[in-house]
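The structure appears right after this line, and notes come after that.
In what follows, chains are A, B, ... by sequence order, proteins preceding strands, each numbered from 1.
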Amino acid sequence: MSDLITIRMYNTGFGDSFLLTFPADRPRKVLIDCGMHQFGPGPFPAGEVVDQILADVDEPDGPRIDIVVATHRHRDHVSGFEHKSWDKVRVAEVWMPWTEHPTDPEARSIRERQSSLAQRLCLAIQQLNLDAAERDYRFAFAQNNLSNAEAMTTLHEGFKDVKRRRFLPHKNGKRTAIQPACLPGVEIHALGPSRDPKVIRDMKPPEGESYLRVTAEDGRMLSQPSPFPASPGWTRGEFDALLKELDCQELLNGFSAKTAAGISSEGVVDEMAIATSLETAVNGTSLVLMFRMGKAHLLFPGDAQWGTWREILDDTECHPMLRRTSFYKVGHHGSHNATPPEFVETFLPKGALAMIPTRPMTRWPFIPKAALLTALTKYGVEFARSDEPPSAPSRFTCQERNGKTFSVTVEIPV
Amino acid sequence: MRASSYPFPTRRSLKIFAFDPMLGRVPLHRITIDVTHEQLRPGPMGSRLTILDYDGVRGRYYEPVNLDDPALLLQDGLDPTEADPRFHQQMVYAVAMKVIENFEVALGRRIHFYRRKPLLLLPHAFAGANAYYSSRRQAILFGYFSADAAKPGSNIPGQNVFSCLSQDIIAHEVTHAIVDRLRRFFKWPTNPDMLAFHEGFADIVAIFQHFSFPEILNHAIQETHGDLRRPTPLIELAAQFGQATGKGEALRTALDRPDAAASNNILEPHQRGSILVAAVFDGFFTTFQSRIQDLLRLASGGTGRLPEGYLHPDLVNRLAQEARATAQAVLRMCIRAFDYLPPVDVTFGDYLRALVTADYELNPDDRSGLRRNMVEAFRVRGIYPHGVRSLAEDSLLWERFDAGATCPDYVISELNNRLLSEAASSSRSSTRDQVAEEKLGRREEKTLNYLARELRKKAWESFDKLDLASPHTVRTNLVSMHPVFRIGQDGQLLVETVIQFVQERRRSKSSYGGVAMRGGSTVIAQADGRIRYVISKPLDSTDLRPEKAREGKEREMRFESFLRDFDCTDACQIWRDERYHQERLVRGLTLAMVDRRGAG
Ligand SMILES: [Zn+2]
């Protein structure tokens with residue numbers, strides 16, 4: 001029996017997929033996420049990555065995973081679960097954030113709000129009069145938030161011989177560690193998503209048709225019914241004439257037709273702004289897990305956002321384990337706001353290891369955020385990226401395929 | 001031969017919904033308010049406000065109401081209705097004028113908007129469940145929308161909800177516009193309190209305006225048995241808006257959330273602002289309670305505990321009178337504090353000091369205990385001014401200036417010119433000449449620039465005494481100048497000059513997300529030019545005394561850490577380019593955005 005935990009990060013481009021192997025009589029396997037972003041795929045087809053995962057969890061009587069974790073429903077975290085091959089995988093437990101609970105009313109209202117907005121957004125974007133590349137980009141961006149039904153069905157109903165599905169953290173037992181039978185010697189703390197109403201509010205994007213654009217892209221007004229049945233309102237020309245009749249033309253002084261058009265377009269909230277807040281809202285539902293085995297402390301925050309992080313950093317009960325973090329999965333592909341500077345500077349200990357599933361994107365120059373990488377180095381945290389081989393010598397090993405990084409592996413002593 | 005003319009009325013009565021139309025369905029909530037009379041053109045278009053009903057969603061214009069039409073003059077305007085846009089215009093005008101009036105009465109001077117132009121109000125500007133003030137357009141844009149079909153509260157699903165029919169939203173936005181006039185740099189945040197101050201203050205004005213409606217107040221007192229902390233529309237903001245946007249309750253209230261303290265973790269401006277609102281309301285309530293103790297004893301045979309059941313209407317009237325008087329005193333106190341605020345980088349703690357100082361100058365002995373109660377209410381919420389040792393009144397008062405500097409005569413005499421021209425323009429008020437007004441507005445601006453140049457040219461030796469860096473090293477502006485009143489030792493009313501100096505560190509914008517690093521001083525001088533107060537936010541400059549330069553350095557560090565906290569919460573930066581990044585604070589955290597996200 002080895003006393004090392006192995007963490008393998010697959011290169012899924014702009015997406016997360018991690019396989020953890022815990023030492024035991026029979027090495028135990030935990031898969032955390034399996035997805036890639038429509039707009040930022042990795043160098044290998046998704047099927048190839050899934051096949052490799054299945055090979056990595058293969059046992060004499062077929063593939064077997066002890067716990068499958070889906071941190072949140074974004075495509076770049078779950079799209080891989082669409083594949084049919086998962087049916088033959090034995091899984092003891094499936095873990096998801098509490099916001100995926102099928103019957104919890106709060107969870108349902110969050111999901112419904114997120115997915116109905118995502119649907120309307122996708123529709124609205126398809127109707128925009130844009131050049132194809134721009135439309136595809138916006139569409140992929142919005143689509144990341146669609147409910148990803150097939151993948152979610154696998155997680156909720158699929159796999160073989162599932163004994164238990166957990167939606168975490170539990171309502172009241174947030175700080176009690178989970179000691180799953182399938183993972184002997186491992187204790188897991190679910191630190192997020194928050195159940196604090198203030199934080200939950202951030203998970204609920206704005207709702208209501210009114211948030212979607214009511215003018216066409218070229219500024220042309222769509223015909224809207226007047227809110228006043230008896231007053232249809234006047235066009236500018238008619239209004240001018242009316243004011244002349246009332247002898248008060250100065251009412252339009254300084255309010256040119258151009259100003260009016262400016263007001264009309266200023267009132268419009270554009271799809272990208274809505275898509276961004278939706279993207280953030282779904283990230284906010286991320287399941288945050290701290291795995292403890294012996295002295296090893298592995299922190300997987302999904303793509304947790306500020307609200308959840310703030311709550312964790314403010315909770316003094318969390319401080320001792322945060323200070324012992326031996327491995328950290330960098331949140332949201334290395335974005336500036338998914339890893340609070342305070343966590344790196346005050347909690348993450350020197351000598352900890354980190355992995356960043358990411359790839360450079362010309363559209364998003366701040367992913368990964370240079371300042372974050374600099375801070376990790378400055379505070380003595382060695383890290384590896386999924387898209388490039390680790391600089392030698394290193395605690396990380398890289399598995400290449402066709403001259404490209406296929407995965408990166410690291411061993412954490414227990 | 002000429003017929004003699006009749007005196008103009010001084011007040012104009014107009015009907016409005018007291019709260020929102022949803023509550024307005026109860027007849028009690030349709031009320032008549034009166035505002036200063038001025039001659040109005042259709043719009044309404046007056047000297048301070050122009051209501052232009054351009055529907056930005058549909059690109060259409062609605063007919064303007066003519067409040068000077070004899071038919072409307074005779075019946076206090078149109079009857080409250082959601083169905084006629086002209087009533088919407090009337091209500092926006094009436095409530096906005098009331099807010100302006102509250103400020104003018106408290107400050108003892110007229111409020112003018114940018115270059116004395118009227119503020120533009122667009123009652124149906126966009127589709128959305130909120131309204132916002134646009135400084136760039138010098139306009140307030142109100143949204144309208146269909147009530148949320150899934151969770152309509154008391155609204156009919158799909159029914160139109162108009163933000164311009166919410167007294168609270170109108171008052172809130174007009175307050176933003178006025179605050180922006182009084183302190184134009186407060187809208188660019190350099191610390192977490194600034195936008196929160198803007199928001200909280202706007203809510204304070206909206207809530208305390210409720211107390212000026214006798215019917216509403218009497219009703220609330222009867223319902224709560226005098227305990228005004230119990231939830232009633234009186235202390236809630238924008239009930240229909242909360243309902244219609246799916247929140248299921250009023251937008252905000254004057255009461256604390258259990259976790260409310262000015263901790264550094266509450267950053268959202270409305271939430272953070274509500275700490276300020278709760279503090280002020282607490283100060284109000286304590287004072288009100290002590291003012292009605294005798295009444296309660298009289299009405300309860302000495303026990304002070306009122307019997308269960310219906311209160312005698314006479315008692316309700318007397319309690320309401322006390323509540324109204326206290327509310328008025330609180331609102332005035334809150335507004336007057338403005339003259340004693342620094343020109344930039346304000347904090348809640350600065351506001352507390354300004355509040356105490358302004359009130360002390362007009363009302364040294366604090367007989368009602370209002371000032372004391374206010375200080376206590378701020379204290380329990382963890383609002384402490386920076387660098388103040390205790391919350392005793394003496395240490396809260398801004399320090400009196402004793403460096404012996406005086407304002408040059410040519411600066412002081414400019415104030416006298418202004419007072420005269422203001423008096424002249426007020427007496428013309430019934431037939432205002434807008435063209436002349438705007439000319440005057442431009443001239444005032446020129447004079448300020450001229451004075452700033454003069455001060456620089458004549459190398460006024462006192463800049464460093466005012467905690468200002470040398471105008472040769474940083475851009476220095478004189479941004480406003482106006483009178484302030486106080487009671488002298490012999491009980492005489494004195495007029496003094498308030499001058500705001502603002503300095504800007506060149507090329508500092510890009511390093512702070514688009515907001516420049518600014519310093520400045522509010523200087524209050526006596527009629528003989530002697531300076532009484534210098535309320536300053538110094539820059540880090542070698543021109544200054546070392547302790548002031550250090551203060552400037554600390555401010556810079558606080559600004560940096562504020563920006564860092566903002567970055568943590570601003571997720572949209574991830575998806576944006578370099579240009580957005582350089583301007584992220586001015587693009588990601590504006591009053592308009594804050595209000596559009598958080599309704600009002
Ligand atoms: Zn506001």
Which atoms form the tightest heavy-atom contact between B:Y62 and A:S231, and what is the distance? CE2-O, 3.6 Å
Is the distance from the ring center of B:F162 to that of A:F228 below 6.0 Å? yes
What pair of heavy atoms forms the shortest contact from A:S264 to B:G56, and how long is it? OG-O, 2.7 Å
Distance check, rounded to the nearest 0.5 Å: A:L246 atom CG versus B:R41 atom CZ? 9.0 Å
With a 4.5 angstrom heavy-atom cut-off, which part of B:T50 approaches chain A: side chain, backbone, both or neither? side chain
Which portion of A:E250 sits near chain B, non-hydrogen atoms under 4.5 angstrom: both
Of the backbone (N, CA, C, O) and the side chain (C-beta and beyond), which part of B:E578 lies under 4.5 Å from a heavy atom of chain A, both, or neither? both
Please round to the nearest 0.5 Å and tell me the distance separating atom CZ of B:R60 and atom OG of A:S226. 9.5 Å
Hey, does B:I574 have a side-chain heavy atom less than 4.5 Å from the side chain of A:I367? yes
Is chain A contacted by the side chain of B:L141, its backbone, both, or neither, given a heavy-atom distance below 4.5 Å? side chain
Side chain, backbone, both or neither: which part of A:A230 has a heavy atom under 4.5 Å from chain B? neither
So, the part of B:I51 with a heavy atom under 4.5 Å from chain A: the answer is backbone
For chain A, which candidate among B:P85, B:C572, B:A571 shows the most heavy-atom pairs at distances under 4.5 Å? B:P85
Apply side chain to side chain contact (heavy atoms under 4.5 Å, CB included) to residues A:L243 and B:Y61 and explain how you reach the verdict. CA-CA 11 Å; A:L243 294 187; B:Y61 297 79; over 6 Å; no
Would A:L251 and B:L52 count as a side chain to side chain contact (heavy atoms under 4.5 Å, CB included) if you check the C-alpha gap in whole Å, the side-chain angles of each, and the deciding distance to 0.1 Å? CA-CA 7 Å; A:L251 184 56; B:L52 172 57; 3.9 Å; yes
Between A:L242 and chain B, with a heavy-atom cut-off of 4.5 Å, which part of the residue counts as in contact: side chain, backbone, both or neither? side chain
Chain A: which of B:E63, B:K117, B:R564, B:R86 shares the most heavy-atom pairs with it under 4.5 Å? B:R564
Ranking A:S335, A:G254, A:P229, A:G307 by heavy-atom pairs under 4.5 Å to chain B gives rank one to A:S335
Heavy-atom neighbours of A:W364 CH2 exceed 12 at 6.0 Å: yes
Check whether B:A83 gets within reach of chain A through its side chain, its backbone, both or neither, counting any heavy atom under 4.5 Å. backbone
Of the listed residues (A:E342, A:E279, A:R236, A:H332), which shares the most heavy-atom pairs with chain B below a 4.5 Å separation? A:R236
Please evaluate residues B:Y580 and A:F366 with respect to the criterion side chain to side chain contact (heavy atoms under 4.5 Å, CB included), reporting the C-alpha separation (whole Å), side-chain torsions for both, the decisive distance (0.1 Å), and the verdict. CA-CA 11 Å; B:Y580 175 88; A:F366 296 104; over 6 Å; no
Minimum-distance pair of heavy atoms, taken over all atoms of A:H336 and B:D567: NE2-O, 2.7 Å
A:T235 versus chain B, heavy atoms under 4.5 Å apart: side chain, backbone, both or neither? both
Can you list the steps and then say if A:T259 with B:R137 is a side chain to side chain contact (heavy atoms under 4.5 Å, CB included)? CA-CA 9 Å; A:T259 311; B:R137 293 188 185 280; 3.9 Å; yes
Strictly under 6.0 Å, is that where the ring centroids of B:W575 and A:H333 end up? no
Where on A:T339 is there a heavy atom nearer than 4.5 Å to chain B: the side chain, the backbone, both, or neither? neither
Are the side chains of B:D55 and A:P227 in touch, meaning some heavy atoms are under 4.5 Å apart? yes
Answer key: most heavy-atom pairs under 4.5 Å with chain B among A:P340, A:P341, A:P365 is A:P341
Can you tell me which portion of A:I263 sits under 4.5 Å from chain B's heavy atoms? Options are side chain, backbone, both or neither. both
Can you tell which of B:P64, B:G43, B:P118, B:S134 has the highest number of heavy-atom pairs within less than 4.5 Å of chain A? B:P64
Does A:R310 come within less than 4.0 Å of B:E268, counting only side-chain N to carboxylate O? no
